[in-house]
Amino acid sequence: MKPIKVGLLGIGTVGSGTFNVLKRNQEEIMRRAGRRIEIAMVADLNTERAKELTNGECEIVNDANLVVTHPDIDIVVELIGGYGIAKDLVMKAIANGKHVVTANKALLATHGTEIFRAAQDKGVMVAFEAAVAGGVPIIKALREGLTANRIEWIAGIINGTTNFILSEMREKGIDFDVVLKEAQRLGYAEADPTFDIEGIDAAHKATIMSAIAFGVPVQFDKAYVEGITKLQATDIRYAEQLGYRIKLLGIAKRTPNGIELRVHPTLIPAKRLIANVEGAMNAVLVQGDAVGATLYYGKGAGSEPTASAVIADLVDITRLATADPNHRVPHLAFQPDAMTDTPILPMSEVTTSYYLRMLVADQPGVLADITRILADSTISIDAMLQKEPAEGETSTDIIILTHQTQEKYIEAAISKMEGLATVKGKVTKIRLEQLS
Ligand code: NDP
Ligand code: HSE
């Protein structure tokens, strides 16, 4: 059978990994796919570098439009990133009847509905394994392996950069800025690292997973997003003393009232497997009603780990390219006419547990006032830590772990606590999940 022809848009970190792995493992991949997968064209702004990387083995162009419209190209692999030119090129590729592979979570989380509809109408596939957790085949697991289950919740460490930063800060006491630079050097961080550290990248991925898990449209605009920039080393330390680790979690949870879709720093018990996922590694914990909990772990970023997922998509498409479109796995796991509009809950309606830290005057009655506020709000306390005031100090830290309550109730209780004359400054609040 003649080779399937691929056009690569962008030969940067992931693009070069894709080119190299495909070349290195070509024979093995062909035995699996049933056809040779050939990168016939590469578009990149830096054509000189692209020529060097590809050893003159394919046609190099500067204008990606030439690839998405080329009659010989069967599959377009979009590895440029962002929502501008990348969206135009993906839509153009679909309009020209090309299948698409992309690692671009930002694009799918914000424009996925439009892209999948266009692909559906045109009878082409859009595959995106690399968009969530890089080399970890979580999309395949959610769309196919767990298809018998009613997914109850997903909690994932899905941003390697922030996990790397949190791990280095906790283990080595290295400063935030220094670790971020190292993550950028290693190729984990996005072109704009704000996306990583402010939780936006994780929220893109959580949004995609929520759509596949619950059969709802991709709705990034409804996700609650909080990054790690305000996290203090003090809280990482106190959490550890209480038997917890702090991770940036992407959470998608089905509740009777709607779907929780949120990204924020989260205390999780140190004894959980997922709490021990360190460095740039990713892990996604999925709770299904039949299977129970399953955990998917691996490299969520980097050149070849991400290429591994891109090529898996290329093989899937190669195998199914000639199949009746109705016999393919639906883009978002559920049949397009079976998607629901279950609402995404506002953060005030989310239910979780909390870590609270406050600086208080070291005097009688302070603790009683604080616990009274919590009791009046029917928030029950799970654990408490009171530090000795430092030498010569008259104030001390109190740390409280609560049982589950709704965000709106904890917010109201916090504002009452901050109104006490004995509580100094703001109360630090970090959400806590038992993940059991
Ligand atoms: P890079 O910045 O390393 O690569 C992007 C490439 O696209 C560069 O070579 C760039 O050229 C080229 N490019 C930019 N604009 C155009 C254009 N208009 N036409 C043709 N080429 C263009 O990004 P990554 O490889 O890191 O990321 C690619 C995608 O993969 C992103 O969506 C990212 O979110 C996603 N991803 C990345 C992971 C990673 O570990 N890096 C992991 C998972 C997903 P130039 O350098 O000259 O501007
Ligand atoms: N910047 C992302 C991360 C790359 O750090 O996880 C993988 O999506």
Side-chain angles (χ1 to χ4, degrees), residues 7-20 41-54 60-68 76-90 92 101-110 128-136 138-139 156-167 179-180 182-206 208 227-228 248 250 263 277 279-284 298-310 313:
L8 189 59
L9 311 183
I11 187 156
T13 305
V14 183
S16 58
T18 302
F19 186 86
N20 293 336
M41 286 181 90
V42 173
D44 199 282
L45 297 181
N46 189 339
T47 48
E48 282 315 306
R49 196 192 52 198
K51 270 180 203 150
E52 255 171 56
L53 286 169
T54 55
I60 307 294
V61 293
N62 173 267
D63 180 2
N65 287 290
L66 298 175
V67 177
V68 299
V76 167
V77 179
E78 183 279 303
L79 297 173
I80 291 175
Y83 349 72
I85 180 81
K87 183 185 172 209
D88 296 345
L89 291 167
V90 164
K92 208 180 235 185
V101 175
T102 180
N104 192 337
K105 54 269 168 162
L107 175 65
L108 294 180
T110 45
F128 50 94
E129 184 62 70
V132 182
V136 183
I138 184 63
I139 299 297
I157 296 172
I158 43 180
N159 182 268
T161 304
T162 45
N163 203 49
F164 180 73
I165 292 172
L166 292 177
S167 299
V179 195
L180 173 60
E182 179 64 357
Q184 286 174 296
R185 192 187 65 77
L186 292 166
Y188 304 146
E190 294 300 305
D192 178 359
T194 318
F195 271 42
D196 296 297
I197 59 181
E198 294 296 357
I200 300 163
D201 176 72
H204 287 147
K205 295 165 182 168
I208 295 169
I228 62 165
L248 185 73
V263 169
V277 171
M281 301 306 274
N282 280 200
V284 184
K299 288 188 179 157
S303 182
E304 293 205 355
T306 312
S308 163
V310 169
D313 280 344

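From a predicted model like this one, the values you see are computed outputs, not experimental measurements. For the numbers below, each heavy atom of this structure counts, side chains included, while hydrogens, waters and symmetry mates do not. Remember, it's 1-based here, ligands and their atoms both numbered in the order they're listed. Residue numbers start at 1 and run along the sequence shown.
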Closest by any non-hydrogen atom to [atom]: pick that one out of [options].
atom	options	answer
atom 22 (C) of ligand 1	N65, I80, T47	I80
atom 3 (C) of ligand 2	N159, N282, N163	N159
atom 39 (C) of ligand 1	T18, V14, I11	V14

Output the list of atoms in ligand 1 that are nearer than 4.0 Å to some heavy atom of [X], sorted by atom number.
X	result
G81	31 (C), 32 (O)
A43	20 (C), 21 (N)
G302	39 (C), 40 (O)
N46	47 (O)
A301	40 (O)

### Query
If we only count N/O pairs under 3.5 Å, is G160 in contact with ligand 2?
yes

For [X] and [Y], indicate whether the former's side chain and the latter's backbone hold a donor-acceptor pair under 3.5 Å.
X	Y	value
N62	L45	yes
K205	I158	yes
E129	I138	yes
S16	T13	yes

Which atoms form the tightest heavy-atom contact between [X] and [Y], and what is the distance?
X	Y	answer
A43	V67	CB-CG2, 3.8 Å
A131	L108	CB-CD1, 4.5 Å
G82	A86	O-CB, 3.3 Å
A202	L248	CB-CD2, 4.3 Å
V263	G199	CG1-O, 3.7 Å
N163	G279	ND2-O, 3.0 Å

Give the residue and atom name of whichever protein heavy atom lies nearest to [atom], and the separation in Å to one decimal.
atom	answer
atom 28 (C) of ligand 1	L79 O, 3.4 Å
atom 7 (O) of ligand 1	G10 CA, 3.4 Å
atom 41 (N) of ligand 1	G187 O, 3.5 Å
atom 7 (C) of ligand 2	G300 O, 3.2 Å
atom 26 (O) of ligand 1	T13 CB, 3.6 Å
atom 43 (C) of ligand 1	T306 CG2, 3.4 Å
atom 30 (O) of ligand 1	A103 CB, 3.4 Å
atom 44 (C) of ligand 1	K105 NZ, 3.2 Å
atom 4 (O) of ligand 1	G12 CA, 3.3 Å

### Task
Using a 4.0 Å heavy-atom threshold (strictly under), name the region of T306 that reaches ligand 2: side chain, backbone, both or neither.
neither

Contact atoms of ligand 2, heavy-atom distance to [X] under 4.0 Å:
X	result
Y188	1 (N), 2 (C), 3 (C), 4 (C), 5 (O)
A301	4 (C), 7 (C)
T161	1 (N), 3 (C), 5 (O)
D196	1 (N), 2 (C), 3 (C), 5 (O)
K105	4 (C), 7 (C), 8 (O)

### Task
Please confirm whether G134 comes under 4.0 Å of ligand 2, counting heavy atoms of the residue only.
no

#### Entry: Heteroatom proximity flag, R49 to ligand 1, N/O under 3.5 Å
yes

### Message
Is there a polar contact between ligand 1 and Y188, counting only N or O atoms under 3.5 Å apart?
### Response
no

### Message
Between E52 and R49 (salt bridge meaning N to carboxylate O under 4.0 Å), is one present in this structure?
### Response
no

### Task
I would like to know whether I208 and F128 meet side chain to side chain contact (heavy atoms under 4.5 Å, CB included); could you show each step before the answer?
CA-CA 10 Å; I208 295 169; F128 50 94; 3.6 Å; yes

### Task
Kindly indicate whether the side chain of M281, heavy atoms from C-beta on, has any atom under 4.5 Å from the side chain of I157.
no

### Message
Contact between N65 and L89 at the side-chain level, heavy atoms closer than 4.5 Å - yes or no?
### Response
yes

### Query
Atom CD in E78, atom CD1 in I85: separation rounded to 0.5 Å?
10.0 Å

Using a heavy-atom cut-off of under 4.0 Å, does the side chain or the backbone of [X] touch ligand 1, or both, or neither?
X	answer
A130	backbone
D44	both
D201	neither

#### Entry: Residue from T102, N104, T18, I11 passing side chain to side chain contact (heavy atoms under 4.5 Å, CB included) with L79
T18

### Message
Would you say atom 46 (O) of ligand 1 makes contact with the protein, given that contact here means a non-hydrogen protein atom less than 4.0 Å away?
### Response
yes

### Task
Please check if a non-hydrogen protein atom sits closer than 4.0 Å to atom 2 (O) of ligand 1.
no

### Task
Test D196 against L180 for side chain to side chain contact (heavy atoms under 4.5 Å, CB included), laying out the working first.
CA-CA 10 Å; D196 296 297; L180 173 60; 5.9 Å; no

### Task
Name the orientation class of the two ring planes belonging to H204 and Y83 (parallel below 30°, tilted from 30 to 60°, perpendicular beyond 60°).
perpendicular

